[in-house]
Amino acid sequence: MARKILCVAEKPAIAKSVAQHLSGGQVTTRSITGNPYVKNYDFDFNFGPPWGNCSVTMTSVLGHLTELKFPAQYNQWHSPPPWSLFDAPVEDVVNQDKKAIADNIAQQARYSRALFVWTDCDREGEHIGSEVRRAAFQGNRSLEVKRAQFNNTERAHVVRAAQNAINLDERQVNAVAARIELDLRIGYAFTRFNTLTLQVMGGDLSERVISYGSCQFPTLGFVVDRYFRVKNFVPEKFWSIKVMHLRDDMEVTFSWRRHRLFDRVSVVILFERCLTARMAKVTKLQKKPTSKWRPLPLTTVELQKLGSMYLRMDSQRVMKIAEDLYNKGWISYPRTETDSFDKGIDLRILIEKQVQDNAWGPYAQGLLAGGFKWPRSGRNNDQAHPPIHPVNYVSLAALSGDDRRVYEFVVRRFLACCSEDAKGESTIVEIEYGDETFFTNGLIVLERNYLDVYPYEKWTSSQPLPRFNMHETFEPTEANITEGETTAPGYLTEPELISLMDANGIGTDATMAEHIAKIKDREYVMTQARAGGTAQANSTNGRGGRGGRGGRGGAQGGSNAGNGGGGGSVQQFIPTTLGVALIEGYDGIGLETSLGKPFLRKEMEIKMKEICAGTKSRHDFVQETLEQYREVFVRTQQQVGVLRAACRKYVFGDQP
DNA sequence: GCAAGGTC
């Protein structure tokens, strides 16, 4: 065997399954000294030209290998002063707990011709690849470095990746290197500044760390923003017209096309015209097929949102359980942005494994017997992992409490994805009455399809509608003016917060739950059960004037959550006085790029993409961004009184 | 005593 090649994956599980596939099962496993998780796998593989048949050692890291740090002379908080961290030297060091892993790589590199990087195909993965390269060069400077491109560990795909390796993408490496540097400098500088300038105010502020992070602050900002919208909400009166008609012992309520108006006099005038007209006329009678779309393949963000909505677990708990289920081999990798299945994956085999279950087995059987439909494709693909799906069957009896509920959700969601949409027939009856238009909807659910295996969503037939004829006229049984008042939105719930973070590029699928936990831990926010225990998100905003059958039907792809089991009430986020003071303080500094808003972080994300596209250099990006934050820093220092005033007002309750 | 990002 002429050549030896070293392969390094991002995590042990990938190293193991890639080794299995490439070796065809002929593999020797060795433990390494100093780390219980990482293993070395030895086998032979033919990489094709120019490498040919090689002896391979496949190993892994555990995520990032190195960490960026300030030198020891910057360890004190007071001096050198916080602002010096903007251009202090930084050094890239191997974490103490990763030392053994780096040494293993260096050692294995010593007799290798080439290093093949098998980290995840995303930006962070590319950077981890560069960290691996550095470790390998410690053992062998003349190593050739290649990168395997793969986004799942299906056998043929892995073999193809091994035989078509490319080079590391230095642009992606640079983009991440810049992010790491910026997060470190800015995070440390503002954390020290906040803590030092506010702790001298004493009292409740004297002992705490008042951290700033490019993700934690915008996350807090969302919570505070909603809090003020609730607090400052002024109810507004509105009026509407409701028409009722009794026919064949069925009572129909027609809703007003205008929905509602905020001016009573206008409504009275329009209403009187209706009464004067006396007769209503059917102007539209439409029956049409409608459907409720089956869900998309499951991503991490969606799992976290729905876990909170359907299972009443906070996002950190859901992720912890999902990781557990993954490590035990029941479900696929739980951190993914991908919401479409690769054409290469054999979904039927995965469905077959679920046939043995008592609860959903028969449904899975039905899919195999002809009900199967290839899942919808969403727009997101991280090019690294497939959507979350069950990979092996485990009986619910073998799982405990919350594990059971998460596994069941993942399975049902997967089976629902592979099903037909629910089908129904919707009827719209529209009438003209005076100068106004009113309508009513009817819905008959004809085929439940995916809903049979996915009880988390509800779609039910409405009360039957009596028969109407086109152009017929009739005198409505009753018509009156209804009155209502807009209601305040609720405080932010976890699914809403995750949606906001996702939409604004705050954190990644793997870290969103951590940022939320962090601002709780720092006592910037607290959670509280929503009074009344109603399940739904907010937006009960002004339903006052709507009548009976309105609003049903045709809820395509909407997120109408059923309560889907899992009692308890929704948790909502309320900022503490400190949380409010920080956001209001920073907003009060008067820069449009307040640290409490997501804009700066969003801009960072855009510029990282530019680096990856080759239209911006790492150096320019770092300098520009540091300049932006330095300006915020200087202004904040000058106007530290504003920040302190906000703390006096909220934390100490002083009257301004 | 500080960040965010990987993963166990």
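Here is how names work: the chains are called A, B, and so on, in the same order as the sequence lines, proteins then strands, and each is numbered from 1. Any value given below was found using the heavy atoms of this structure, including those in side chains, with hydrogens, waters and symmetry copies removed. Remember, it's a predicted structure, so these values are computed and weren't measured experimentally.
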Q.
The side chain of A:Val209 is closest to which nucleotide in this list: B:dA3, B:dG1, B:dG5?
A. B:dG1
Q.
What's A:Pro36 touching, base or sugar-phosphate or nothing? Going by heavy atoms closer than 4.0 Å.
A. nothing
Q. Counting side-chain heavy atoms from C-beta on, which of B:dA3, B:dC8, B:dT7 comes nearest to A:Leu62?
A. B:dC8
Q) With respect to the side chain of A:Glu514, which nucleotide from B:dC8, B:dC2, B:dT7 is positioned closest? A) B:dT7
Q: Would you mind reading off the distance between A:Asp324 atom CG and B:dT7 atom P, rounded to a whole angstrom?
A: 16 Å
Q) Once you round it to whole Å, what is the distance between C1' of B:dG6 and OH of A:Tyr37? A) 15 Å
Q) Quick one: on DNA chain B, does A:Leu65 or A:Trp77 contact a more 5' nucleotide (nearest heavy atom)? A) A:Trp77
Q) Rounding to a whole Å, what distance do you find between A:Glu124:CD and B:dA3:C1'? A) 13 Å
Q: For A:Gln199, answer base if it contacts any base atom (sugar-phosphate contacts may also be present), sugar-phosphate if it contacts only those atoms, and nothing otherwise; contact means non-hydrogen atoms under 4.0 Å.
A: base
Q. Does the side chain of A:Arg179 get closer than 4.0 angstrom to OP1 or OP2 of B:dG6 through an N or O atom?
A. no
Q | Charged tip of A:Lys11 within 45° of A:Tyr333 ring normal and under 6.0 Å | A | yes
Q. Would one find a side-chain N or O of A:His515 under 4.0 angstrom from OP1 or OP2 of B:dA3?
A. no
Q. From the list B:dC2, B:dC8, B:dT7, which nucleotide is the closest neighbour of the side chain of A:Asn75?
A. B:dC2
Q) Between atom CD1 in A:Ile180 and atom P in B:dG6, what is the gap in whole Å? A) 10 Å
**Q.** Short side-chain N/O contact to B:dG1 OP1/OP2 from A:Arg192, under 4.0 Å
**A.** no
Q: Consider the side chain of A:His64, meaning its heavy atoms from C-beta on, and name the nucleotide among B:dG5, B:dT7, B:dC2 that approaches it most closely.
A: B:dG5
Q. A:Asp509 versus A:Thr299: any side-chain heavy-atom pair under 4.5 Å?
A. no
Q) Checking all strands, does A:Gly125 fall into the base, sugar-phosphate, or nothing category for heavy-atom contacts under 4.0 angstrom? A) nothing
Q | A:Leu182 CG - B:dA4 C1' separation (whole Å) | A | 11 Å
(Q) What contact category does A:Lys98 fall into here, base, sugar-phosphate, or nothing, at under 4.0 angstrom with non-hydrogen atoms? (A) base
Q | Gap between atoms CD and C1', on A:Glu131 and B:dA4 respectively (whole Å) | A | 13 Å
Q) Which residue lies toward the 5' end of DNA chain B, A:Leu196 or A:Ala13, if each is placed at its nearest nucleotide? A) A:Leu196
Q) Closer than 4.0 Å, any side-chain N/O of A:Ser211 to the OP1 or OP2 of B:dA3? A) yes
Q: Salt-bridge test for A:Glu181 and A:Arg185: reply yes if a basic N is under 4.0 Å from a carboxylate O, no otherwise.
A: yes
Q. Separation of A:Tyr524 atom OH from B:dC2 atom P, in whole Å?
A. 11 Å
Q: May I ask you to decide if the ring planes of A:Phe217 and A:Tyr586 are parallel, tilted or perpendicular, using 30° and 60° as cut-offs?
A: perpendicular
Q. Can you tell me if the side-chain N/O atoms of A:Thr508 get under 4.0 Å from OP1 or OP2 in B:dG6?
A. yes
Q: Have a look at A:Asp120 and say if it touches a base, only the backbone sugar-phosphate, or nothing, with a 4.0 Å heavy-atom cut-off.
A: sugar-phosphate
Q) Quick one: do A:Asp87 and A:Arg630 make a salt bridge, cutoff under 4.0 Å? A) yes
Q | Nucleotide of B:dG6, B:dC2, B:dA4 approaching A:Glu10 most closely (side-chain heavy atoms) | A | B:dG6
**Q.** Distance below 4.0 Å between A:Tyr333 side-chain N/O and B:dT7 OP1 or OP2
**A.** yes
Q.
Expressed as a whole number of angstroms, how long is the span from A:Phe217:CZ to B:dC2:P?
A. 15 Å
Q | A:Tyr212 ring over B:dA3 six-membered base ring, under 5.5 Å and 30° | A | no
Q: Answer with base, sugar-phosphate or nothing: what part of the nucleic acid does A:Arg522 contact at a heavy-atom distance below 4.0 Å?
A: sugar-phosphate
Q) Got a donor-acceptor contact below 3.5 angstrom from the A:Arg208 side chain to the A:Asp204 backbone? A) yes
Q. Using 4.0 Å as the upper bound for N to carboxylate O, is an ion pair formed by A:Arg405 and A:Asp402?
A. yes
